[in-house]
2 protein chains.
Amino acid sequence: MLDSQIALQKLRTYLKENQLRFTSERVILLEEIFSFPAHFDAEQLFIHVRNKHNHISRATVYRSLELFHKIGILKKEDLGKKGYASYEVALDRPHHDHLICVVCGKLIEFVDDVIEQHQTAICEKYGMEMIGHQLQIYGRCKEHRKE
Amino acid sequence: MLDSQIALQKLRTYLKENQLRFTSERVILLEEIFSFPAHFDAEQLFIHVRNKHNHISRATVYRSLELFHKIGILKKEDLGKKGYASYEVALDRPHHDHLICVVCGKLIEFVDDVIEQHQTAICEKYGMEMIGHQLQIYGRCKEHRKE
DNA sequence: TTCCATGCAAAGAATTTGCATCTAT
DNA sequence: ATAGATGCAAATTCTTTGCATGGAA
């Protein structure tokens with residue numbers, strides 16, 4: 001099954017369970033998210049969606065992103081400390097962290113099992129129940145390194 | 001030598017090298033930062049400094065924090081996605097990462113050498129020149145865990 | 001028919017900026 | 001004397017909210 005279908009299913013289930021409404025705006029936004037680059041922000045989504053559906057407001061975009069995040073369809077992140085939130089689809093993608101070039105903003109995703117394991121161990125050590133984590137490494141990429 | 005003295009020295013050197021001014025406001029702010037809890041934000045510093053020095057403006061606080069960060073006296077971080085930046089002194093403290101309780105906001109610092117080493121290895125793998133990194137683990141602390 | 005969701009504009013929160021004035025060099 | 005620095009208030013940027021209206025259940 002496609003991620004977008006799983007997401008739609010998740011949305012439908014969550015809304016039903018909580019007696020919330022399955023609106024066309026929520027469906028449109030969800031569809032657009034899946035026709036999108038991996039990382040995006042509220043404004044990008046708003047601009048993109050406005051092309052086809054110019055009745056959808058910025059407020060609904062923000063409210064829906066929050067909803068999708070709560071349901072677990074989206075991950076919310078602060079990448080590059082730019083003063084706004086980034087989102088990415090959270091489904092069926094192995095957890096990964098980010099390398100960020102401070103010069104050009106290029107994003108490289110990576111996974112490291114040892115780091116993951118150590119995080120789990122650290123939580124246990126401090127009696128913490130882990131919910132999630134974020135690791136960002138800042139640097140200069142191949143094209144912009146100085147040495 | 002005390003951290004605060006090292007920081008002052010760093011500031012003095014940087015300003016001279018760049019033909020910038022060594023002002024009383026910058027000295028006051030630097031002093032107050034060292035009489036502060038480890039993690040703070042711009043507003044907290046502003047309020048604190050205003051008690052004794054009520055001519056210092058919010059704008060100068062922001063401008064100075066940016067300066068101190070550029071020099072390397074402060075680290076700037078996004079903790080807990082609260083919509084504002086956190087700062088902490090960057091001198092003479094071993095690098096550490098953060099465990100953050102999503103219920104009460106409690107912050108636990110930790111260091112893990114294996115994680116550090118793997119980060120370096122990952123940068124090499126991708127041809128990246130590492131500048132810094134941030135790792136935040138979100139969860140529920142001992143007092144707030146559910147299981 | 002009942003509430004939840006939406007659009008709009010206004011409000012908020014954090015941060016930045018324009019400009020006249022001040023001050024370190 | 002000459003820029004850079006400051007204070008103030010206004011402007012920006014990203015996000016949230018109040019309220020009247022619209023629409024799923």
Side-chain angles (χ1 to χ4, degrees), chain A residues 8 11-32 39-71 74 76-87 105, chain B residues 8 11-32 39-71 74 76-87 105:
Chain A
L8 199 61
L11 176 62
R12 214 186 278 274
T13 307
Y14 179 89
L15 294 176
K16 184 158 286 176
E17 279 174 359
N18 294 276
Q19 289 140 81
L20 301 174
R21 312 265 145 96
F22 188 75
T23 65
S24 65
E25 288 82 2
R26 285 169 175 168
V27 175
I28 288 168
L29 285 167
L30 199 53
E31 283 171 355
E32 295 301 332
H39 300 86
F40 63 93
D41 61 56
E43 189 64 17
Q44 288 172 337
L45 179 58
F46 174 69
I47 299 288
H48 183 75
V49 165
R50 269 283 168 136
N51 290 330
K52 301 182 196 167
H53 310 274
N54 67 1
H55 72 284
I56 294 188
S57 70
R58 219 182 299 266
T60 297
V61 170
Y62 276 97
R63 287 190 277 231
S64 299
L65 286 173
E66 200 52 42
L67 175 70
F68 298 161
H69 177 231
K70 193 179 211 171
I71 299 178
L74 293 180
K76 189 175 182 179
E77 293 163 331
D78 294 296
L79 299 178
K81 309 164 204 154
K82 294 159 299 188
Y84 51 84
S86 275
Y87 294 86
Chain B
L8 199 61
L11 176 61
R12 213 186 277 274
T13 306
Y14 179 87
L15 295 176
K16 185 157 286 176
E17 279 174 359
N18 294 275
Q19 288 139 81
L20 301 173
R21 313 262 146 98
F22 188 75
T23 66
S24 65
E25 287 83 1
R26 286 171 174 167
V27 174
I28 289 168
L29 286 167
L30 199 53
E31 282 170 355
E32 295 302 332
H39 299 87
F40 64 93
D41 62 55
E43 190 64 17
Q44 288 173 336
L45 179 58
F46 174 69
I47 300 287
H48 183 74
V49 164
R50 269 285 169 132
N51 290 333
K52 301 183 196 166
H53 310 275
N54 67 1
H55 73 283
I56 293 187
S57 70
R58 219 184 300 264
T60 297
V61 170
Y62 277 97
R63 287 189 276 232
S64 299
L65 286 174
E66 200 52 42
L67 175 70
F68 298 160
H69 176 234
K70 193 179 212 172
I71 299 179
L74 293 180
K76 189 175 182 180
E77 292 163 330
D78 294 297
L79 299 178
K81 310 165 206 156
K82 293 159 301 190
Y84 52 84
S86 276
Y87 294 86

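Naming: A, B, ... by sequence-line order, numbering from 1 per chain. These numbers come from the heavy atoms of this one structure, side chains and all, not from hydrogens, waters or symmetry mates.
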Taken in chain and number order and not counting sequence neighbours, the residues that satisfy side chain to side chain contact (heavy atoms under 4.5 Å, CB included) with A/Tyr62 are A/Ala42, A/Arg58
Rounded (10°) bend between the five-pair end axes of the helix from C/dT1-D/dA25 to C/dT25-D/dA1: 30°
How close or far is atom [atom2] of [N] from atom [atom1] of [X], stated in whole angstroms?
| X | N | atom1 | atom2 | value |
| --- | --- | --- | --- | --- |
| A/Arg26 | C/dG7 | CZ | P | 11 Å |
| A/Gln19 | C/dA5 | CD | C1' | 15 Å |
| A/Leu67 | C/dT6 | CG | P | 9 Å |
| A/Lys16 | C/dC4 | NZ | C1' | 16 Å |
| A/Leu15 | C/dC4 | CG | C1' | 11 Å |
| B/Glu66 | D/dA5 | CD | P | 14 Å |
| A/Glu25 | C/dC4 | CD | C1' | 12 Å |
| A/Gln44 | D/dT15 | CD | P | 11 Å |

Which value, rounded to the nearest 0.5 Å, describes the distance between B/Leu67 atom CG and B/Leu74 atom CG? 9.5 Å
Would you compute the distance between atom CG of A/Leu11 and atom CG of A/Leu30 and round it to the nearest 0.5 angstrom? 6.0 Å
For B/Thr13, which residues count as a side-chain hydrogen bond (donor to acceptor under 3.5 Å, both in side chains) partner, sequence neighbours excluded? none
So what does A/Arg50 touch, heavy atoms closer than 4.0 Å: a base, only the sugar-phosphate, or nothing? sugar-phosphate
Confirm from the modelled atom types if B/Arg63 and D/dG7 form a donor-acceptor pair under 3.5 Å, side chain to base only. yes
Could you write out each protein N or O paired with an N or O of nucleotides 23-25 of chain D at a distance under 3.5 Å?
from, atom 1, to, atom 2, distance (Å)
D/dG23, N2, A/Arg21, NH1, 2.7

Output all residues satisfying salt bridge (charged side-chain N to carboxylate O under 4.0 Å, His left out) with A/Glu66, sequence neighbours left out; order by chain, then residue number. A/Lys76
Nearest heavy atoms of A/Glu43 and A/Asp41, plus distance in Å: N-OD1, 3.0 Å
Taking side chain as C-beta onward, heavy atoms only, is B/Thr60 less than 4.5 Å from B/Leu29? yes
I'd like to check B/Tyr87 versus B/Leu45 (side-chain heavy atoms, cut-off strictly below 4.5 Å). Are they in contact? no
Any residue in residues 51-62 of chain A with a heavy atom nearer than 4.0 angstrom to DNA chain C? Just list them by number, or reply none. A/His55, A/Ile56, A/Ser57, A/Ala59, A/Thr60
Assess whether side chain to side chain contact (heavy atoms under 4.5 Å, CB included) is satisfied between B/Val49 and B/Val61, documenting all intermediate values. CA-CA 9 Å; B/Val49 164; B/Val61 170; 5.6 Å; no
Sequence neighbours left out, what passes ring pair (Phe, Tyr, Trp, His ring centres under 6.0 Å) with B/Phe40? Give chain and number order. B/Phe36
Donor-acceptor contacts under 3.5 Å from residues 14-25 of chain A side chains, at least two apart:
from, atom 1, to, atom 2, distance (Å)
A/Asn18, ND2, A/Tyr14, O, 2.7
A/Thr23, OG1, A/Arg26, N, 3.3
A/Glu25, OE2, A/His55, NE2, 3.4

